[in-house]
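Predicted model only: the values in this text are computed from it and were never measured. Numbers restart at 1 for each chain; the letters A, B, ... are given by sequence-line order, proteins then strands.
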2 protein chains.
Amino acid sequence: MSHTHVHESQDQLKAALDTLKQTGVRITPQRHAILEFLVESMTHPTADDIYKALEGKFPNMSVATVYNNLRVFREVGLVKELTYGDTSSRFDFVTTEHYHVICEECGKIVDFHYPGLDEVEQLAAHVTGFKISHHRMEVYGTCAECSQKDLH
Amino acid sequence: MSHTHVHESQDQLKAALDTLKQTGVRITPQRHAILEFLVESMTHPTADDIYKALEGKFPNMSVATVYNNLRVFREVGLVKELTYGDTSSRFDFVTTEHYHVICEECGKIVDFHYPGLDEVEQLAAHVTGFKISHHRMEVYGTCAECSQKDLH
DNA sequence: TTATTACTTTATAATCTTTATAAACAGTGT
DNA sequence: ACACTGTTTATAAAGATTATAAAGTAATAA
């Protein structure tokens with residue numbers, strides 16, 4: 001992990017904590033830890049992933065606390081909830097807009113930047129009469145590692 | 001409902017039954033009814049919607065049967081499973097490629113045709129090294145009816 | 001036809017994720 | 001110290017989906 005990356009994480013965490021302060025949400029040790037984990041984990045964890053990752057630091061923390069706080073974070077716009085085909089939601093710390101590419105074999109999720117598809121939203125609005133607020137897109141396929149494995 | 005529409009539904013159902021024959025999947029009364037419902041319903045029903053809709057015709061049908069057969073249909077490519085934020089999956093009979101526009105207030109789902117976003121898939125493949133198979137996109141907003149209601 | 005086999009449905013239980021509830025706890029201000 | 005509000009914990013409940021075993025049904029072969 002590069003130095004700039006570490007600094008970015010710290011800055012993002014600090015900015016997130018500021019957001020909480022400004023919106024009047026208390027910064028508890030659990031909330032701090034959940035946010036920290038979300039910012040630093042390059043994965044897109046489930047609520048249970050987070051719960052397990054923090055049970056060392058907070059042996060008494062309840063699963064409900066994880067869910068409660070993920071909801072709070074979502075409400076103030078700090079995290080996005082991703083609902084894919086698999087059973088449980090995944091949570092993504094919001095930085096810049098991006099899409100996801102998902103490996104259908106191993107489940108890996110890779111961030112993927114692409115200019116916003118404004119044109120699609122406009123056409124949708126025109127055709128359906130909806131007021132459009134946003135969209136989501138995921139691209140599915142097989143990652144390089146799994147493609148390699150499949151050869152053998 | 002126009003005459004052509006009825007014919008389309010019948011043709012689609014017949015084609016679906018053919019697919020089942022060709023793939024060696026038995027056509028049971030329950031499967032026939034579930035397929036028929038999926039083809040004719042303009043909605044995007046949940047497993048429970050289907051279960052409830054058919055309990056008149058099949059008072060003894062089990063929920064498991066609905067789930068089992070939706071999985072079978074999905075495996076042979078006749079239906080797509082849509083997983084949105086809400087609790088349960090929705091099932092969409094596969095006709096032509098299309099996207100969905102979803103009302104965030106009432107949950108209505110409207111089909112929306114747009115040329116395939118091949119370019120996005122190509123860029124994703126190039127940037128991530130994935131072999132891309134497909135993508136999904138949903139557009140979210142407020143439908144005309146709910147927009148009207150919001151004014152009052 | 002009969003026996004055998006594989007597939008399907010039913011009924012039910014189990015699992016898993018998420019939410020609800022109530023009691024205990026912690027921080028803030030009076 | 002006291003009251004007030006928000007938070008966490010522990011636990012139960014809800015809801016969706018899957019697993020299991022028994023019974024039923026269709027297809028096949030002897």
Inset, instruction - Check the distance between C:dC7's C1' and B:Ile27's CD1 and give it to me in whole angstrom. - result: 14 Å
Legend entry - Donor-acceptor pair, side chain of B:Arg90 and main chain of B:His44, under 3.5 angstrom: yes
Legend entry - Closest non-hydrogen atom pair, B:Leu38 against B:Phe91: CD2-O, 3.8 Å
Inset, instruction - Inspect the surroundings of NE2 in B:His126 and state if more than 12 heavy atoms from other residues, nucleotides or ligands are less than 6.0 Å away. - result: no
Legend entry - A:Lys108 atom NZ, neighbour heavy-atom count above 12 within 6.0 Å: yes
Inset, instruction - Give a yes/no on whether any side-chain N or O of A:Arg26 is located under 4.0 angstrom from OP1 or OP2 of C:dG27. - result: no
Below 3.5 Å is the cut-off: list the nitrogen or oxygen pairs between protein and nucleotides 16-18 of chain D, distance only.
residue : atom : partner : partner atom : Å
D:dT17  : OP1  : B:Ser89 : N            : 3.0
D:dT17  : OP1  : B:Ser89 : OG           : 3.4
D:dT17  : OP2  : B:Tyr67 : OH           : 2.2
D:dT17  : O5'  : B:Tyr67 : OH           : 3.4

Legend entry - Whole angstrom value for the distance that separates C1' of C:dA23 from CG of A:Asn60: 16 Å
Inset, instruction - Quickly work out the A:Arg90 CZ to C:dT17 P distance and round it to whole Å. - result: 11 Å
Inset, instruction - Find the distance A:Phe73:CZ to D:dT7:P and express it as a whole number of Å. - result: 11 Å
Inset, instruction - Determine yes or no for a side-chain-to-main-chain donor-acceptor pair under 3.5 angstrom, with B:Thr65 supplying the side chain and B:Met61 the backbone. - result: no
Inset, instruction - Round to the nearest Å and state the distance from A:Ile34 atom CD1 to D:dT9 atom C1'. - result: 13 Å
Inset, instruction - Kindly calculate the angle separating the two end axes of the helix from C:dT1-D:dA30 to C:dT30-D:dA1, each obtained from five base pairs, and round it to 10 degrees. - result: 10°
Inset, instruction - Round to the nearest Å and state the distance from A:Arg31 atom CZ to D:dT9 atom P. - result: 11 Å
Inset, instruction - Would you mind reading off the distance between A:Leu20 atom CG and D:dG6 atom P, rounded to a whole angstrom? - result: 16 Å
Legend entry - Contact check, side chains of A:Gln12 and A:Phe93, non-hydrogen atoms, under 4.5 Å: yes
Legend entry - Under 4.0 angstrom between B:Ser62 side-chain N/O and C:dT9 OP1 or OP2: no
Inset, instruction - Flag the pair A:Ile102 / A:Tyr84 as yes when at least one side-chain heavy-atom distance between them is below 4.5 Å, and no otherwise. - result: yes
Legend entry - Integer-rounded Å distance: D:dA10 P and A:Met61 CE: 11 Å
Inset, instruction - Give a yes/no answer on whether the side chain of B:Thr28 brings an N or O atom under 4.0 Å of OP1 or OP2 in C:dT9. - result: yes
Inset, instruction - For the pair A:Arg74 (side chain) and A:Glu81 (backbone), establish whether a donor and an acceptor sit closer than 3.5 Å, ignoring hydrogens and angles. - result: no
Legend entry - Note: A:Asp48-A:Lys52 ion pair, threshold 4.0 Å (strictly below): yes
Inset, instruction - Would you please confirm or rule out a distance under 4.0 Å between OP1 or OP2 of D:dT8 and any side-chain N or O of A:Asn69? - result: yes
